[in-house]
2 protein chains.
Amino acid sequence: MPRAIQEAKSEVSIANALEAALKLFSSQGFRATSMRQIASASGLSVGNLYHHFTNKEAIFQQLIEQYWEYILDPQLRLNTIFSKAEFPDDLEEMATAIEEVVEACAPYILLVYVDVIEFEGRHVRAFYEGMADRFEEAYGDRFRQRRQAGEFGDVNPMVAVMVATRWLFYFFTVEKCFGVPMHLGMSPQKAVSEFMKLLRYGLEPRSAQAAGSPN
Amino acid sequence: MPRAIQEAKSEVSIANALEAALKLFSSQGFRATSMRQIASASGLSVGNLYHHFTNKEAIFQQLIEQYWEYILDPQLRLNTIFSKAEFPDDLEEMATAIEEVVEACAPYILLVYVDVIEFEGRHVRAFYEGMADRFEEAYGDRFRQRRQAGEFGDVNPMVAVMVATRWLFYFFTVEKCFGVPMHLGMSPQKAVSEFMKLLRYGLEPRSAQAAGSPN
DNA sequence: TAAAGCAAACTGAACGTTCGGTCGGTATTC
DNA sequence: GAATACCGACCGAACGTTCAGTTTGCTTTA
């Protein structure tokens, strides 16, 4: 067997282990998941697991890094939306892109909560601390331009884009990861579209000539 | 010792155990916390712990019930605000009342996440499933009246009050429980006041005669 | 081409420790 | 003396981790 294939073989083992560990950590927590569970779920032996990973926490660490890479990938649809900086015109696209991410990453998102509880957020702290800066980088200049052009009212668009993003993440996380669908008492589509209307027009009623037909 | 005092004595033991368990569960998770840790942190013996609680999960269960009682107490300031149904005029009061609750309940809130991870949300599901109904009960009639009186624009005020409440809870939870202060890149006061402005006026600029002075 | 060599992949029994939970017993109070 | 509060030694099971040893498959040597 050529060397490349042998390498591929062990990479498959590692991938299997990570996949099994993700499923177990996200549904039971870190401490509640044993190396034997990971081993038998991934078809590896306990010894082999320790051949590929220095210890249990190293597996957890690698999973967090996988998530980080996925979420910061410039190719990710959500990131292409951010980079265009067309907020809030692209709110609908943002919402479906975030739903997509939450759907695709559901177990990884739960891992974040596992980290907060069992490791005091040690593995994810940096990610959240850097969030505001990443938004500043994506939107800062454009927003300052557009604000000078009178495009926004009193409202700070930077806060708005962060609120919108985090709210949508939170909403879909509760719906899809926490197992509480319809927690606002309506379908996700309805909830999201009402949320976007709220973001755009606000609660204070507008004068007659404002956009949008009353219903 | 009179009966009342003896009862009080064992109640103190139970309270100590619950307090210690809360601290441990919320900072390490359920499985990662041992009965011996709870025992030594509360000054009880392992045997005594099992005298007062049938098993470890029963301790967890009681803590969740404590939280539930606290949060649904009609005397709680946040609930007096809800019962007045003056949203969104009382947004500022709501924000500080929610900050108060999060501050007071920080460990209990983390317990919710522990439950989601380690018990599939078994102990808290009912609470979140009933949330929309509780808002309907508090705000339904008043909002329908006020809407007919033209007090709201296109925006659904029921969605707005739930978004506002959940957002503020989420925001303060990340700030105070997850250990990521200033995660929106600004002080909590600034973030909350910008959020409220966003809720009230929306992103779309208003015509000249609209309330609020431009800055 | 066949044998020898070798490093990586892999195995599973075993280690010391800790776990949740039990139980026989003592101290205290009525 | 009955009942409650409490203690801590104890149980079997499971834990994370180790390790001596086997298998595998490519490379080097003859």
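Bear in mind the structure is a predicted one, so any value in this text is a computation, not a measurement. Order of the sequence lines fixes the chain letters, A, B, ..., with proteins taken first and strands second; residue numbering starts at 1 for each chain.
- By the 4.0 Å N-to-carboxylate-O rule, A:K190 lies close enough to A:E194 to be salt-bridged with it.
- Not one side-chain nitrogen or oxygen of A:S13 sits closer than 4.0 Å to the OP1 or OP2 atom of C:dA9.
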Practice problem: Carefully, step by step, assess A:E129 and B:H183 under the rule side chain to side chain donor-acceptor pair (under 3.5 Å). | Solution: CA-CA 6 Å; A:E129 280 175 351; B:H183 72 288; over 6 Å; no
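- Taking the side chain of A:R36 as heavy atoms from C-beta on, and the options D:dC6, D:dC15, C:dG21, the nearest nucleotide is D:dC15.
- Of the residues near DNA chain D, A:A32 and A:T54, the one whose nearest nucleotide (by heavy atom distance) lies more toward the 5' end is A:A32.
- Using a 4.0 Å cut-off between charged nitrogen and carboxylate oxygen, A:E99 and A:K176 count as a salt-bridge pair.
- Residue B:N48 has its side chain nearest to D:dC7 when only C:dG20, D:dC7, D:dC15 are considered.
- In this structure, B:G47 and B:K56 both approach DNA chain C, and ranking their closest nucleotides by distance from the 5' end singles out B:K56.
- Whole-Å rounding puts the A:E11 CD to C:dA8 P distance at 15 Å.
- One atom, CD of B:E57, and another, C1' of C:dG21, lie 14 Å apart when rounded to the nearest Å.
- When the P atom of D:dT17 is taken as reference, atom CZ of A:R31 falls 11 Å away, rounded to whole Å.
- Here the C1' atom of nucleotide D:dA14 and the CD atom of A:Q37 are 11 Å apart, to the nearest Å.
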Quiz item: What's the verdict on side chain to side chain donor-acceptor pair (under 3.5 Å) for B:Q28 and B:Q37, showing C-alpha distance, side-chain angles and the deciding distance?
Solution: CA-CA 11 Å; B:Q28 315 183 124; B:Q37 277 182 306; 3.2 Å; yes
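- Checking C:dC19, C:dC10, D:dT17 against the side-chain heavy atoms of B:S34 singles out C:dC19 as nearest.
- A:H123 and A:E57 are linked by a side-chain donor-acceptor pair at a separation below 3.5 angstrom, with hydrogens and angles left out of the test.
- In this entry the distance linking NE2 of B:H51 with P of C:dA27 reads 17 Å, nearest Å.
- Heavy-atom distances to DNA chain C give each of A:L49 and B:Y50 a nearest nucleotide, and the one nearer the 5′ end belongs to A:L49.
- In this structure, A:F53 atom CZ and C:dC10 atom P are separated by 11 Å, rounded to whole Å.
- Residue B:F30 contributes atom CZ, which lies 13 Å from atom P of C:dC19 at whole-angstrom precision.
- For the OP1/OP2 pair of D:dC6 and a distance below 4.0 Å, the side-chain nitrogens and oxygens of B:H52 include at least one atom meeting the criterion.
- Distance, B:I38 CD1 to D:dC6 P: 16 Å, rounded to whole Å.
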